[in-house]
A.B. asks: 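Before anything else, here's the structure in question.
A note on names: the letters A, B, ... follow the listed sequences, proteins ahead of strands, and every chain is numbered from 1. As the structure is a prediction and not an experimental result, all values here were calculated from the model.
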Amino acid sequence: MINITFPDGAVRQYEQGSSALDIAKQISEGLARKVLAAEVNNEVWDAKRPINNDAEIKFLTWDDEKAKSTFWHSSAHLMAEAVEGMFPGVKFWVGPPLEKGFYYDIDLGDNVIAEEDLKKLEIKMAELAKQNNAYQRKEISKEEAVKYFSEKGDEYKLDLLSGLNDGGITFYTQGNFTDLCRGPHIPSTGFVKGIKLTSIAGAYWKGDEKNKMLTRIYGVTFPTQKELDEYLILLEEAKKRDHRKLGKELGIFTMDDDVGPGLVLWMPNGTVIIEELEKLAKETELQAGYKRVLTPHIGKESLYLTSGHLPYYKESMYPPMELDGVKYYLKAMNCPHHHKIFAAEQHSYKDLPFRLAEYGTCYRYEQSGELFGLMRVRCLHMNDAHIYCTREQFAQEFRAVNDMYIKYFKIFGIEKYVMRLSLHDPKKLGQKYVNEPELWIETENMVRQVMKDADIPFVEVQDEGAFYGPKIDVQVWSTIGREFTLATNQVDFAQGKSFKLEFTNQNNEAETPLIIHRAPLGTHERFIGFLLEHYAGKFPLWLAPVQVKILPISDKFLEYAKNVLNKLKIADIRVEIDERSEKIGKKIRDTELMKIPYMLVIGEREVNEEKISIRRQGKGDMGSKNLEEFIELLKEEVKSKKAVV
RNA sequence: GCCAGUGUAGCUCAGUUGGCCAGAGCAGCUGAUUUGUAAUCAGCUGGUCGGGGGUUCGAAUCCCUCCACUGGCUCCA
């Protein structure tokens with residue numbers, strides 16, 4: 001007998017070799033029907049895997065993220081079985097679960113798969129699921145596994161095997177499909193009910209663009225059709241919040257073939273938002289001791305050779321224009337220009353930290369396939385600044401930047417974010433990273449310490465640093481689930497040297513400053529793209545391009561309405577009037593769709609009472625007030641920067 | 001850049017196996033209407049069917065090529 005400890009601390013005895021599923025069955029059949037996998041001593045196991053020693057166990061059902069992963073990974077195997085049935089002889093790489101769903105990377109050989117085939121595969125998967133085949137685990141020696149895949153001629157699985165040690169290797173089989181897999185899996189295919197294969201994509205083998213491109217099929221499955229349907233509806237809803245759709249509908253931005261891909265034209269409504277954001281940045285940075293500068297959009301080749309950007313960055317810069325034998329590049333970053341401003345004057349340690357800020361316009365020739373709405377563009381306006389400081393000042397400055405991020409995130413109601421410490425890869429020193437092994441370690445430690453001291457949670461990732469130093473990237477998720485880097489805070493120990501930047505220290509010696517590059521609001525493009533999805537186009541009052549729309553019921557009340565318009569304008573409110581001879585219902589509908597926060601309905605009653613009727617976007621009629629009162633409310637709301645939910 | 005897909009009026013979309021001057025709704029314009037909290041009515045304008053080339057008696061429909069966009073990969077603020 002073995003002792004099994006349950007999450008509530010209860011200990012019960014079971015026969016040696018009982019599986020989690022056996023145990024669940026003894027508790028109740030209902031539970032057993034729901035168990036997808038089990039955590040055995042904090043490791044996820046197949047529910048049917050025999051337990052031979054005393055253990056702590058926890059049943060995993062659909063509600064548990066780990067069970068979902070197991071479910072989706074098992075679904076990937078199910079899809080692989082269907083694919084193998086359709087295209088015999090194909091080879092499989094890996095098929096991991098995702099946050100929502102799964103994929104499998106497949107070498108289809110000479111076969112081509114089209115979107116229509118996904119339907120067929122779904123049907124095939126449903127058939128196979130219905131057979132309710134068990135996922136059978138088998139421990140196997142490395143020799144035997146190598147033999148199996150050698151005979152199959154499967155170089156991919158052999159490659160996986162080469163990285164595995166003998167002893168821990170397992171095969172999983174369901175129906176006619178056997179895969180090298182560490183598991184775990186759900187008990188049988190019958191659990192998979194709602195099946196949707198979402199897309200086909202190419203993916204480089206091992207994520208390296210020099211390697212062969214495999215076919216990746218994405219899918220998602222659920223234990224019931226109903227849950228799948230609900231998920232698909234959710235996806236449809238998410239599309240409505242897409243910043244590209246909203247951007248067009250609300251007149252925020254546009255792009256044009258004749259201007260060029262990735263080049264954003266900010267329309268009047270978008271420009272209002274940009275100006276408000278810049279106002280916020282200016283106020284915030286002024287208080288934080290930054291000085292504003294303005295620099296040209298181009299620079300000579302020599303500038304980028306000095307900075308060291310050119311060798312690392314040339315591919316993503318617009319090609320140079322040549323004048324009188326000198327090459328000029330469009331700037332892809334503002335730092336070299338700022339460094340030259342630092343260099344233009346003598347600096348004493350007493351001047352430091354020296355902080356230069358600019359909403360700098362940069363041009364990056366991103367690969368065509370990388371462009372994506374506002375999130376990835378070729379002309380961007382960066383909320384950039386460079387801080388020149390001493391080593392002693394570094395910690396405090398770096399922390400102040402992080403604090404600024406958090407302050408901004410509060411204003412915008414950004415609750416979900418992760419700070420990511422991006423480190424170098426020692427193997428790539430001299431290639432992707434400047435060859436200063438000690439400085440890398442030193443600055444990485446400095447940043448790590450700052451984060452720890454400030455008690456800010458962060459994750460560390462290898463091989464993600466800037467070429468000149470480690471950085472903190474801030475990952476955010478828009479409400480529709482897109483993840484991207486919004487802000488960045490970088491240490492630079494290299495450019496100070498290469499630009500021969502100096503200050504005089506207490507001992508009257510020349511010393512090179514450390515440089516912090518930072519962009520808390522990222523770029524206008526990405527930030528506004530994010531905000532569009534974050535607010536679903538319903539911008540808080542302070543950012544709303546049009547804050548108030550006046551809706552006269554008929555032109556009889558136009559004069560009064562225009563009077564209101566002028567008073568609001570004088571109060572610095574962004575206000576418009578709808579003079580069309582449409583019915584009030586129509587005017588309201590159009591204004592609601594444009595997501596304008598306040599509507600003022602003006603008819604006979606308002607004129608007689610010298611009031612205005614207020615309607616709040618999404619909330620309906622709010623009753624009437626006199627105009628002065630309303631203006632005060634507006635001013636307060638603007639000042640609070642709060643979003644109405 | 002790579003893999004797969006899409007590209008028809010300002011927008012959202014129809015357009016059957018290639019075959020009468022390419023359609024609808026919304027928007028726009030003109031007129032009527034003067035309206036009380038999410039769509040008033042009528043008429044009209046508007047399209048080299050992404051560009052170019054080819055197959056064919058005939059192409060929005062088939063083929064090639066280029067461009068743009070979409071979903072991914074690589075890359076990234």
A.B. asks: What's the CG-P distance between A:Leu558 and B:rU35, to the nearest Å?
C.D. replies: 13 Å

A.B. asks: Quick one: closest heavy-atom pair of A:Ala561 and A:Ile577, and the distance?
C.D. replies: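 Smallest heavy-atom distance, with atoms named: CB-CD1, 3.6 Å.
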
A.B. asks: Between A:Tyr388 and A:Arg355, is there a cation-pi geometry (under 6.0 Å to ring centre, at most 45° from the normal)?
C.D. replies: no

A.B. asks: What distance, rounded to whole Å, do you find between the two C1' atoms, one in B:rG10 and one in B:rG1?
C.D. replies: 33 Å

A.B. asks: I need a per-nucleotide contact map over nucleotides 70-77 of chain B, read 5' to 3'. Cutoff is protein heavy atoms under 4.0 Å; write B for the base, S for backbone only, - otherwise.
C.D. replies: SBBBBBBB

A.B. asks: With A:Glu278, which residues qualify under side chain to side chain donor-acceptor pair (under 3.5 Å), at least two apart?
C.D. replies: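 Applying side chain to side chain donor-acceptor pair (under 3.5 Å) to A:Glu278 gives A:His524.
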
A.B. asks: In residues 402-414 of chain A, which ones come under 4.0 Å of RNA chain B, going by heavy atoms?
C.D. replies: none

A.B. asks: Once you round it to whole Å, what is the distance between P of B:rA4 and CG of A:Leu214?
C.D. replies: 13 Å

A.B. asks: At under 4.0 Å between heavy atoms, what does A:Glu249 touch on the DNA or RNA strands: base, sugar-phosphate, or nothing?
C.D. replies: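 A:Glu249: no heavy atom of the nucleic acid under 4.0 Å.
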
A.B. asks: Tell me whether the NZ or CZ atom of A:Arg378 lies within the 45° cone about the ring axis of A:Tyr363 and under 6.0 Å from its centre.
C.D. replies: no

A.B. asks: Just do the salt bridge (Lys or Arg N to Asp or Glu O under 4.0 Å) check on A:Lys427 and A:Asp463 with the steps written out, would you?
C.D. replies: CA-CA 9 Å; A:Lys427 287 195 282 280; A:Asp463 197 16; over 6 Å; no

A.B. asks: Scan side-chain atoms only and decide if A:Glu358 and A:Thr295 contain a donor-acceptor pair under the 3.5 Å cut-off.
C.D. replies: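 A:Glu358 vs A:Thr295: donor-acceptor pair found between side chains.
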
A.B. asks: Could you tell me how far B:rU70 sits from B:rC57 if I compare only their C1' atoms? Round to whole Å.
C.D. replies: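 My reading of the C1' atoms in B:rC57 and B:rU70 gives 38 Å.
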
A.B. asks: Mark yes when over 12 heavy atoms from residues, nucleotides or ligands other than A:Phe87 sit less than 6.0 Å from its CZ; otherwise mark no.
C.D. replies: yes

A.B. asks: Distances under 3.5 Å between protein N/O atoms and the N/O atoms of nucleotides 37-40 of chain B, please, pair by pair.
C.D. replies:
residue : atom : partner  : partner atom : Å
B:rU37  : O2'  : A:Arg615 : NH1          : 3.0
B:rU37  : O2   : A:Arg615 : NH1          : 3.2
B:rA38  : N7   : A:Arg615 : NH2          : 3.2
B:rA38  : N6   : A:Glu592 : OE1          : 3.0
B:rA39  : N9   : A:Arg589 : NE           : 3.4
B:rA39  : N7   : A:Arg589 : NE           : 3.2
B:rA39  : N7   : A:Arg589 : NH1          : 3.1
B:rA39  : N7   : A:Arg589 : NH2          : 3.4
B:rA39  : N6   : A:Arg589 : NH2          : 2.5
B:rA39  : N1   : A:Arg589 : NH2          : 3.2

A.B. asks: Using a heavy-atom cut-off of under 4.0 Å over every strand shown, decide if A:Asp257 touches base, sugar-phosphate, or nothing.
C.D. replies: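 Touches sugar-phosphate only.
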
A.B. asks: Using whole Å, report how far CG of A:Asp256 lies from C1' of B:rC67.
C.D. replies: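 Result: 13 Å.
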
A.B. asks: Can you tell me how far CD1 of A:Ile414 sits from CD1 of A:Ile406, rounded to the nearest 0.5 angstrom?
C.D. replies: 11.5 Å

A.B. asks: Using heavy-atom distances to pick each residue's nearest nucleotide on RNA chain B, tell me which of A:Lys245 and A:Met255 is more 5'.
C.D. replies: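 Per heavy-atom nearest nucleotide, the more 5' residue is A:Lys245.
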
A.B. asks: Suppose you measure atom P in B:rC67 against the same atom in B:rG58; what distance do you get, rounded to whole Å?
C.D. replies: 29 Å

A.B. asks: Strictly distance-based, threshold 3.5 Å: is any side-chain N or O of A:Gln547 a donor or acceptor partner for the main-chain N or O of A:Pro597?
C.D. replies: no

A.B. asks: Can you list the stems that RNA chain B is part of, where a stem is at least 3 pairs in a row, each Watson-Crick or G-U, with both distances below 3.5 Å?
C.D. replies: B:1-7 with B:67-73, B:10-13 with B:23-26, B:28-32 with B:40-44, B:50-54 with B:62-66

A.B. asks: Closest approach of A:Ala281 and A:Tyr359, non-hydrogen atoms and distance?
C.D. replies: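 So the minimum-distance heavy-atom pair works out to CB-CE1, 3.8 Å.
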
A.B. asks: Name all pairs fulfilling the ring-ring contact (aromatic ring centres under 6.0 Å, His included) condition that reach into residues 102-125 of chain A, sequence neighbours left out, sorted by first residue then second.
C.D. replies: A:Phe92-A:Tyr104, A:Tyr103-A:Tyr218

A.B. asks: Would you say A:Lys279 has more than 12 foreign heavy atoms packed within less than 6.0 Å of its NZ?
C.D. replies: no

A.B. asks: When rounded to the nearest Å, what value does the distance between P atoms of B:rC63 and B:rU6 take?
C.D. replies: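 Roughly 11 Å separates the two P atoms.
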
A.B. asks: If we take the C1' atom in both B:rG7 and B:rG15, what is their distance in whole Å?
C.D. replies: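 Rounded to whole Å, the distance is 15 Å.
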
A.B. asks: Whole angstroms only, please: what is the CE-P distance between A:Met267 and B:rG10?
C.D. replies: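 It works out to 14 Å between those atoms.
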
A.B. asks: Figure out the CD/C1' separation between A:Glu579 and B:rU35, and round it to whole Å.
C.D. replies: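 Whole-Å distance recorded here is 16 Å.
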
A.B. asks: Measuring centre to centre across the rings, with the benzene-like ring taken for any Trp, is A:Phe412 within less than 6.0 Å of A:Phe527?
C.D. replies: yes

A.B. asks: Considering only atom C1', compute the distance from B:rC26 to B:rC41 and round it to an integer number of Å.
C.D. replies: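 B:rC26 and B:rC41 have their C1' atoms separated by 16 Å.
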
A.B. asks: For the P atoms, the ones on B:rC11 and on B:rC69, what distance do you get once it is rounded to whole angstrom?
C.D. replies: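 Taking atom P in both B:rC11 and B:rC69, they lie 15 Å apart.
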
A.B. asks: Suppose you measure atom C1' in B:rU40 against the same atom in B:rU35; what distance do you get, rounded to whole Å?
C.D. replies: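 Result for the C1' pair: 9 Å, nearest Å.
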
A.B. asks: Consider only side-chain N and O atoms of A:Tyr405 and A:Asn489, and report whether a donor and an acceptor are under 3.5 Å apart.
C.D. replies: no

A.B. asks: Under the criterion salt bridge (Lys or Arg N to Asp or Glu O under 4.0 Å), which of A:Lys157, A:Arg216, A:Lys212 is the partner of A:Asp107?
C.D. replies: A:Lys212

